[in-house]
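Protein chains get the first letters and strands the later ones, always in sequence-line order, with residue 1 at the start of each.
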2 protein chains.
Amino acid sequence: MARKRITPGKIRLAEVAKLAGVSPITASRFFRNPEALSAGKRARVESAAKELGYVPNLAARALASQRTEVIGVLIPSLTNNVFADVLRGIYDALDGSRYSIQLANTRYSILQEERLLRLFLAQKPAGLIITGINQTADSRRVMEAVDCPIVQIMEVGPSPIDMMIGFSHFDAAKAAIAHLLAQGYWRIGFLGARMDPRVQRRLDGYRAAMTEAALFDPQLIVTTAIPTSVTLGGTLFADLLAKAPDIDAVFCVNDDLALGALFECKRRHMAVPEQMAIVGFNDLEFMASSEPTLSSVRTNRYEMGRNAAMMVIETLEGRRPAEPVVDLGFSVMERQSSARRS
Amino acid sequence: MARKRITPGKIRLAEVAKLAGVSPITASRFFRNPEALSAGKRARVESAAKELGYVPNLAARALASQRTEVIGVLIPSLTNNVFADVLRGIYDALDGSRYSIQLANTRYSILQEERLLRLFLAQKPAGLIITGINQTADSRRVMEAVDCPIVQIMEVGPSPIDMMIGFSHFDAAKAAIAHLLAQGYWRIGFLGARMDPRVQRRLDGYRAAMTEAALFDPQLIVTTAIPTSVTLGGTLFADLLAKAPDIDAVFCVNDDLALGALFECKRRHMAVPEQMAIVGFNDLEFMASSEPTLSSVRTNRYEMGRNAAMMVIETLEGRRPAEPVVDLGFSVMERQSSARRS
DNA sequence: CAATCGCTTGGTAGCGCTGTCAATATCGGT
DNA sequence: ACCGATATTGACAGCGCTACCAAGCGATTG
């Protein structure tokens with residue numbers, strides 16, 4: 001016969017209930033839905049729990065209730081500053097709440113993403129935050145089948161799986177080019193790295209703006225699948241200059257590339273912006289304090305993460321946001337590197 | 001009488017066992033310790049699990065086995081590039097293993113850290129990775145009482161709680177100053193932000209090196225508790241110049257400050273390194289591609305994370321590392337910004 | 001004053017898995 | 001052919017909590 005496996009010193013809910021003089025299930029309700037208890041029992045359970053230093057066993061809770069209090073977060077990169085800000089927003093929003101975060105890194109692969117998604121959903125998460133709107137058809141299917149709030153972040157687009165928060169990368173890039181055109185630049189190069197779907201849409205925005213202005217020329221575009229870096233910015237900028245020596249401005253799909261381009265200009269003794277205007281994307285902190293200061297497209301990354309987490313929580317608590325798709329917009333930060341052409 | 005809460009479509013371990021023609025406990029053993037099964041049963045369980053698409057219920061597993069397969073990670077910041085690299089190493093090491101990560105952000109507060117620690121340990125993590133060696137006495141006590149592998153990362157020091165991996169911030173800073181001295185600089189300023197314990201030890205290293213060279217002067221030191229940024233680097237550098245206009249070099253406790261100092265030099269038309277040498281710390285990617293390229297102290301952040309996670313796993317699998325304290329060292333990357341004085 | 005309603009509270013069983021130990025099968029040595 | 005040792009396998013109960021109903025209770029209503 002199997003022996004009992006009682007753990008002696010451990011404080012279980014039953015102990016709290018006994019001390020409070022209520023049944024275990026009433027004690028359980030205190031943690032799940034305190035309003036359902038009468039004021040007297042509520043106080044008794046509360047003080048009993050505090051006195052014993054009760055800590056709920058999450059595994060038992062998850063097993064019995066068939067759900068967890070974990071919000072899954074799928075992002076493509078841990079190193080990218082952009083996602084660090086988003087994550088900070090998510091963690092801040094969840095801090096102090098009952099929910100915790102399970103983070104996974106898709107490494108910019110939608111197949112990896114699908115695998116992780118299945119892994120997550122099998123554990124019945126309370127909610128899910130996933131990057132972008134380009135999931136595989138299978139991923140979409142499993143997400144639509146599952147019954148938990150899901151927020152797609154980083155961009156907005158048609159047909160959200162559930163909820164969505166972000167901005168239009170197409171419009172943002174187009175606005176950056178419009179700014180350069182308005183400042184008097186016309187031979188505007190494009191530097192792109194990694195070329196994930198969002199970067200691709202920035203390229204589309206560039207192309208649209210340039211085509212509208214009848215200035216489009218494929219020679220102006222330099223892209224690579226290599227992950228971005230400052231060093232790469234310098235290299236790509238050099239490639240661009242080789243292809244199109246007559247450019248007067250360059251739009252970089254992120255700020256690392258922009259910084260790399262700036263340094264390459266310095267190495268070549270090209271004056272910025274007099275001989276070469278530069279505009280980046282994301283508006284990382286350093287853009288405002290470089291010499292010259294660098295123009296960029298500011299995106300609301302922290303707010304994106306924060307709001308996404310809040311949308312999940314509100315849905316879980318029955319206060320579903322009125323608007324499932326939130327466009328956080330962007331703003332073109334006009335600085336020295338794209339000052340008006342004299 | 002309570003009704004049975006059977007979930008119809010769900011594939012449980014019992015279903016797999018039935019299809020494989022074995023008992024549930026044997027099927028369980030297949031996942032826990034496949035070698036314990038005979039080759040025949042092993043193959044039968046494996047194919048049954050695959051055929052049914054069985055996914056284990058982690059909550060049930062945790063409840064029954066009284067432990068989880070979660071490794072807790074406590075880091076002070078999500079935005080700091082340094083920790084992004086460490087995290088990447090941890091995630092990479094655990095990718096494909098049975099273990100998952102629970103990440104929490106202490107925001108550089110050891111009280112916050114203590115709170116999170118208690119939260120984590122209450123859920124019986126498989127292991128723990130914690131930043132630094134400056135925990136509260138209470139934190140130390142609870143960690144010593146708990147029975148799971150713990151790795152302290154980012155620095156090495158005496159009396160590890162369990163295991164430790166990092167490097168000496170004191171030695172690293174001292175080596176950076178020694179480099180500057182060897183290059184002919186002697187009036188070397190110090191720029192510090194955030195001033196967490198590791199930064200503090202870098203300051204100690206600076207002080208030791210300068211004192212040994214009989215060059216120490218408190219006027220050369222500018223620090224602040226404000227979180228670091230490139231902008232702050234410029235500001236602090238300006239403060240330093242105001243206090244000590246005759247400096248010929250500056251050591252910055254991180255690369256963001258160094259970059260900010262570089263930009264400030266450019267704004268002031270001070271030639272680097274001719275009029276001002278700059279050395280940073282961490283050797284982030286951009287340091288090698290700035291103009292001029294910036295000297296820095298390279299630290300092995302990715303390896304630190306990776307090895308820390310591997311040390312935890314090895315301990316869990318009974319192959320405890322021979323050496324509980326690992327010093328990963330550092331290297332002074334000598335670049336243009338600290339070229340020899342002519 | 002009985003019937004009804006809503007609010008609290010409790011009893012019972014079970015969520016899906018694994019620790020414990022017993023039972024059986026297999027094997028080499030004498 | 002027998003014995004004990006080792007490798008596999010199975011039975012059972014229980015990990016700590018909550019879903020599900022039912023019951024108790026005072027208040028409300030016609």
Side-chain angles (χ1 to χ4, degrees), chain A residues 1-45 48-49 52-69 98 122-124 126, chain B residues 1-45 48-49 52-69 98 122-124 126:
Chain A
M1 187 193 318
R3 193 152 9 78
K4 307 212 173 187
R5 273 178 292 160
I6 46 100
T7 340
K10 192 85 53 56
I11 295 118
R12 300 193 308 290
L13 191 55
E15 274 77 80
V16 176
K18 188 190 280 183
L19 180 63
V22 299
S23 72
I25 186 65
T26 301
S28 165
R29 270 191 277 261
F30 168 76
F31 293 101
R32 195 130 295 285
N33 180 21
E35 286 79 43
L37 298 202
S38 63
K41 306 232 166 177
R42 196 184 315 155
R44 294 232 301 284
V45 175
L52 295 173
Y54 171 70
V55 180
N57 181 322
L58 265 39
R61 185 179 278 181
L63 180 59
S65 69
Q66 298 281 56
R67 57 199 148 72
T68 62
E69 287 170 348
R98 69 201 309 165
Q123 302 310 321
K124 307 188 196 77
Chain B
M1 184 195 318
R3 192 152 10 77
K4 309 214 170 179
R5 275 178 290 159
I6 46 102
T7 339
K10 193 83 56 55
I11 295 117
R12 300 192 308 289
L13 192 53
E15 274 78 81
V16 175
K18 188 190 281 183
L19 180 62
V22 299
S23 71
I25 187 66
T26 301
S28 165
R29 269 192 277 262
F30 169 75
F31 294 101
R32 197 131 293 285
N33 180 20
E35 286 78 45
L37 298 201
S38 63
K41 306 232 165 177
R42 195 184 315 154
R44 293 232 301 284
V45 175
L52 295 174
Y54 171 70
V55 181
N57 180 321
L58 265 38
R61 185 178 279 180
L63 180 59
S65 67
Q66 298 280 61
R67 56 196 151 75
T68 63
E69 286 170 349
R98 69 202 311 165
Q123 302 310 322
K124 309 188 195 79

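OP1 or OP2 of dC17(D) has at least one side-chain nitrogen or oxygen of Tyr54(A) nearer than 4.0 Å. Not one side-chain nitrogen or oxygen of Gln66(A) sits closer than 4.0 Å to the OP1 or OP2 atom of dC17(D). At least one side-chain nitrogen or oxygen of Arg67(A) sits closer than 4.0 Å to the OP1 or OP2 atom of dA19(D).
Of the candidate nucleotides dC15(C), dT18(C), dG16(D), dG16(D) has the atom nearest to the side chain of Asn57(A). In this structure, the nucleotide among dA19(D), dC17(C), dG14(C) sitting nearest to the side chain of Ala64(B) is dC17(C).
Rounded to a whole Å, the CG atom of Leu13(A) is 14 Å from the P atom of dC15(D). dG14(C) atom P lies 16 Å from atom CG of Leu63(B), rounded to whole Å. Here dT8(C) presents its P atom at 15 Å from CZ of Arg44(A), a figure rounded to the nearest Å. Distance, Gln123(B) CD to dC15(D) C1': 14 Å, rounded to whole Å.
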Sequence neighbours left out, cut at 3.5 Å: what donor-acceptor pairs do the side chains of residues 30-44 of chain A make with other protein atoms?
| residue | atom | partner | partner atom | Å |
| --- | --- | --- | --- | --- |
| Arg42(A) | NE | Pro34(A) | O | 3.2 |
| Arg42(A) | NH2 | Leu37(A) | O | 2.9 |
| Arg44(A) | NE | Ala20(A) | O | 2.9 |
| Arg44(A) | NH2 | Ala20(A) | O | 3.1 |

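For the segment residues 35-43 of chain A, the set of residues with a heavy atom within less than 4.0 Å of an atom of DNA chain C comprises Ala36(A), Leu37(A), Ser38(A), Lys41(A), in numerical order. Residues of residues 21-31 of chain A that place a heavy atom closer than 4.0 Å to DNA chain D, in numerical order, are Ile25(A), Ser28(A).
Each side chain to side chain donor-acceptor pair (under 3.5 Å) pair with one or both residues in residues 16-30 of chain A, not counting sequence neighbours, appears once here: Ser23(A)-Thr26(A).
The side-chain hydrogen bond (donor to acceptor under 3.5 Å, both in side chains) check on Arg98(B) picks up Glu69(B), with sequence neighbours excluded.
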